[in-house]
Amino acid sequence: MSEQIEQATSIAEHWGPREVLEWGFRTYGDKMEIASGFGVEGMVLIDIASKIQANFRVFTSDTGFLFPETYALMKRVEKRYGIQIERLQPRLSPESQAEQFGEALWSRNPDQCCALRKVEPLRDKLATLRAWVTAIRRDQTSTRATAKKIEWDKKFAVVKLNPIVDWSSQQVWSYVHRHNVPYNPLHDRNYPSIGCTHCTRAVKAGEDPRAGRWSGVEKTECGLHLPASTPLITISPI
Ligand code: SF4
């Protein structure tokens, strides 16, 4: 990690989301892009970015298995903010994946499925950038608890900005209502965290907000935000 990043890591802990994003735009220009899965946190981030500069860039992992509501929200975002979202595609279509790795890989080996459909396309994308911005929050999972507002992402060898990492869910929602930010209607139907249709369910009263992701298996992350010490899974067909 360079001295400049080390300094930024420490100073940025006193900054708000806008200052973190401004630093990123100033330092990296168009070599910094926002990653979003269009959850409510990502929507806040996009809205804040739009108030700093008009031509910010957003990309998403389009696994081919997203909810219709998510695809519809992406179109709304493009219209409202005047941007073109880049949809990262896996190398394999759902059909080719089934041929090479067997049917319903997500139910037998979700780590491998996420590696193919999310991590690999992201790794290719990040190889073209110097910095990426995410909307993770520290209280979402134990692996996110130590994330900094600006940090060196060893796993992908780029700088990672997490401008709302210290926000609570309540802060996120109050921003959304105050600024009339569009959001996925599934959030109003007990889906606090939204991923692929195969691996997301609504949560019941009293359940952890992320209990609806990969329900029934020991998995809490798709692999994009895991520490560098977690090896990227090997992708080999059956
Ligand atoms: S979330 Fe599920 S369906 Fe989506 S890429 Fe990961 S394992 Fe596959």
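Both counts, for ligands and for their atoms, begin at 1 and track the order of listing.
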Point to revise | Exam field: side chain T9 to backbone I5, donor-acceptor pair closer than 3.5 Å | key: yes

Point to revise | C113 backbone or side-chain N/O/S under 2.8 Å from atom 2 (Fe) of ligand 1 | key: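 No, outside the cut-off.
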
Review point. Counting backbone and side chain alike, does H198 bring an N/O/S atom below 2.8 Å of atom 4 (Fe) of ligand 1?
Key: no

Suppose I only count heavy atoms of [X] and a 4.0 Å limit; which atoms of ligand 1 are within that range?
| X | value |
| --- | --- |
| W106 | 2 (Fe), 3 (S), 7 (S), 8 (Fe) |
| F65 | 3 (S) |
| C199 | 1 (S), 2 (Fe), 3 (S), 7 (S) |

Review point. How would you list, by chain and number, every residue that makes a salt bridge (charged side-chain N to carboxylate O under 4.0 Å, His left out) with R137, sequence neighbours excluded?
Key: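 For R137 the salt bridge (charged side-chain N to carboxylate O under 4.0 Å, His left out) partners, ignoring immediate neighbours, are E41, D139.
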
**Study point:** K160: salt bridge (charged side-chain N to carboxylate O under 4.0 Å, His left out) partners, not counting sequence neighbours
**Key:** none

Exercise for review: Using a 4.0 Å heavy-atom cut-off, say whether C114 meets ligand 1 through its side chain, its backbone, both or neither.
Suggested key: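 Both parts.
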
Review point. Does the cation-pi check pass for R117 over F65, that is, NZ or CZ under 6.0 Å from the six-membered ring centre and within 45° of its axis?
Key: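 Checked: cation-pi criterion met.
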
Point to revise | Contact check, side chains of K75 and K79, non-hydrogen atoms, under 4.5 Å | key: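 Answer no - side chains too far apart.
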
